[in-house]
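Please read the structure below before turning to the comments.
Because the structure is predicted, anything quoted here is derived from the model rather than measured. Counting starts at 1 for both ligands and their atoms, following the listed order.
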Amino acid sequence: METQAAIIGGGPVGLMLASELALAGVKTTVIERLKKTVPYSKALIMHPRTLELFAMRGILGRFLDKGTKVSSGHFSMLDTRLDFSRLDSKQNYSLMLPQAETERLLEEYASSLGADIIRGAEAVALTQTDDGVETVFRDESGIRTLRSLYAAGTDGAGSLVRKQAGIAFLGTDADLIGTLCDAVLKNPPESAFFSVCRLQGSVVIVPLSNGLFRVLIVSPHAPQKRKEEPVTENELKEDLREICGTDFGLSDPVWMSRFGNAERQAEQYRSGRVFVAGDAAHIHFPAGGQGLNTGLQDAFNLGWKLAAQIKGKAAPHLLDSYHQERHSTGKEVLHNIKTQIKLMDFTESGMALRDTMTALLDFQESNRLLAGKVSALDLHYEPDPELPPHRLNGKRLPDIELTLHDGRPARLYDFLHKGAFVLLSLRGSIPAGIGTDSVEFVRAELSETRADWDDVHSVLIRPDGHAAWAAGGSGREAEETVLAGMERWGFI
Ligand SMILES: Cc1cc2nc3c(=O)[nH]c(=O)nc-3n(C[C@H](O)[C@H](O)[C@H](O)COP(=O)(O)OP(=O)(O)OC[C@H]3O[C@@H](n4cnc5c(N)ncnc54)[C@H](O)[C@@H]3O)c2cc1C
């Protein structure tokens, strides 16, 4: 079998990547071990930056229809919640949506764009040649080989692709194991987001849409079990009684599992023609709900770059920027997870630290700092060192309101639906000498006040909504910066 891009692992991250590649017209094949998606959901929350990405592709409505908006998040279950509503985004909220539903919607989307998803197919080996990648997989018809120009491992924490590509997965094993279940609670807590963190341990309880409740427990003083050891209903009830004084009438669990604080990151996100993304690239304790979100954002960063490479339109520096941008982002996420775990220190002094942090979160600026991290809205990439500096370079751009040159109102993300670059020109015309069908040219002015944009002549906006570069000023000098920027990004 032949394809242009092979994706090993059709979980949420693989499906997002497949969608982005297929949107760009790349022949994409996904190999997924499972015949059907699992009905249980690890992740329940999608954060603002992920929702922005969906808005950029015009698919946000599909997710909003199935989920529930929440205007806040949490940091290590501290009593003061993170206020997302003050963040600079049209998507300044999270969405409660079970991962199984997210995967269903993404699979539908990827298939509608033409990605070929082969289920019940397990990759068993992967090798690189000078001009491609060979993935050997096993399915009902036996052993087969998929040849591709490039391959991505989105095959989760135990990633075969990462191992076969020789990429080290550096970090530490778990020494704290929590339990979770989806079950009936006859006497549920009154609060919709119940969370306690006490000397005895921590408990989070969240209502699910099917009348069940998700219960997450960390019981640090009990002997730590292995992650694979089956969970029993009795164990859950005993832990709840020990920490909360009641088992909330827990019964009829439909899913019980364990999760841990193992923390690892792939040393390289690229090895030649092979990439890793999502849990194949980073794993950590599920604090603040960031794993799936970070993985989907990896896929969104890699998709358009790989598509440009496959279509022969990528600037020379583009493909390596995936590792540079997403490895450092992953490192930042692990950093905030470490802090959250440190705050789960079930001692008297640990509780004092939590009280102090809770009080600090009452201050708007501290709350904003951590809300920016957990929502991923404070994510900006390094400015391109080869281009004249501008404060917008590398910045994540919100869905800014515009007035087009013919007077019609529009929003920035409207122009990103096709996954192409946008050259937004605020001062006059596009300089002569630029003629490319890979960029959408938009002449407009801002309909809102933004100090960072005061002097902007033009901005090249990447398909993932970051400013590749901005040119300030006006006249010949600004036009020359635009031409240099277009050349550097491979459009001239
Ligand atoms: C308790 C818990 C709660 C969580 N809550 C949140 C949350 O609220 N928000 C959040 O952002 N994150 C959360 N996470 C993390 C999130 O669930 C993961 O980060 C996410 O599932 C990663 O997606 P992925 O596609 O990278 O990997 P996976 O979901 O692991 O998918 C990998 C896919 O690859 C397939 N596969 C594996 N090996 C092969 C092979 N050899 N051949 C073919 N296919 C293969 C698998 O079958 C699977 O479908 C939580 C995690 C846990 C444990």
Pair Tyr109-Arg104, side-chain donor/acceptor within less than 3.5 Å: no
If you measure only the distance, is there a donor-acceptor pair under 3.5 Å linking the side chains of His47 and Ser375? no
Closest candidate by heavy atom, reference atom 15 (C) of ligand 1, pool Leu292, Leu160, Thr154, Ile118: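 Nearest heavy atom to atom 15 (C) of ligand 1 lies in Leu292.
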Starting from [atom], which protein heavy atom do you reach first, and at what distance in Å?
{"atom": "atom 31 (O) of ligand 1", "answer": "Gly11 CA, 3.6 Å"}
{"atom": "atom 40 (C) of ligand 1", "answer": "Ala123 N, 3.8 Å"}
{"atom": "atom 35 (C) of ligand 1", "answer": "Glu32 OE1, 3.2 Å"}

Is there side-chain contact between Leu208 and Phe213, with heavy atoms separated by less than 4.5 Å?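 In short, these two side chains do not touch, never coming nearer than 4.5 Å.
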Is Glu382 close to Gln324 at the side-chain level, that is, under 4.5 Å between some pair of heavy atoms?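 In short, these two side chains do not touch, never coming nearer than 4.5 Å.
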Hey, could you give me the OG/CG distance between Ser321 and Asn301, rounded to the nearest 0.5 Å? 6.5 Å
Counting both backbone and side chain atoms, is some N or O of [X] under 3.5 Å from an N or O of ligand 1?
{"X": "Gly289", "answer": "yes"}
{"X": "Arg33", "answer": "yes"}
{"X": "Ala277", "answer": "no"}
{"X": "Asn293", "answer": "yes"}
{"X": "Arg214", "answer": "no"}
{"X": "Val13", "answer": "yes"}

Heavy-atom pairs closer than 4.0 Å: do any link ligand 1 to the side chain of [X], the backbone, both, or neither?
{"X": "Pro286", "answer": "side chain"}
{"X": "Ala121", "answer": "backbone"}
{"X": "Gln290", "answer": "backbone"}

Residues in ring pair (Phe, Tyr, Trp, His ring centres under 6.0 Å) with His317, at least two apart?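 Here the qualifying residues are Trp489.
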Which label fits Phe54 and Phe63: parallel for a plane angle under 30°, tilted from 30 to 60°, or perpendicular past 60°? parallel
Check the orientation of Tyr269 and His282. Use parallel for under 30°, tilted for 30 to 60°, and perpendicular for over 60°. tilted
Could you list which atoms of ligand 1 come closer than 4.0 Å to a heavy atom of Leu180?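 It comes down to these atoms of ligand 1: 1 (C).
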Give the numbers and elements of all ligand 1 atoms closer than 4.0 Å to a heavy atom of Ile31.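 Listed by number with element, the hits are 43 (C), 44 (N).
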How would you list, by chain and number, every residue that makes a salt bridge (charged side-chain N to carboxylate O under 4.0 Å, His left out) with Arg81, sequence neighbours excluded? none
Phe137 ring centre to Arg144 NZ or CZ under 6.0 Å, with the angle to the axis within 45°? no
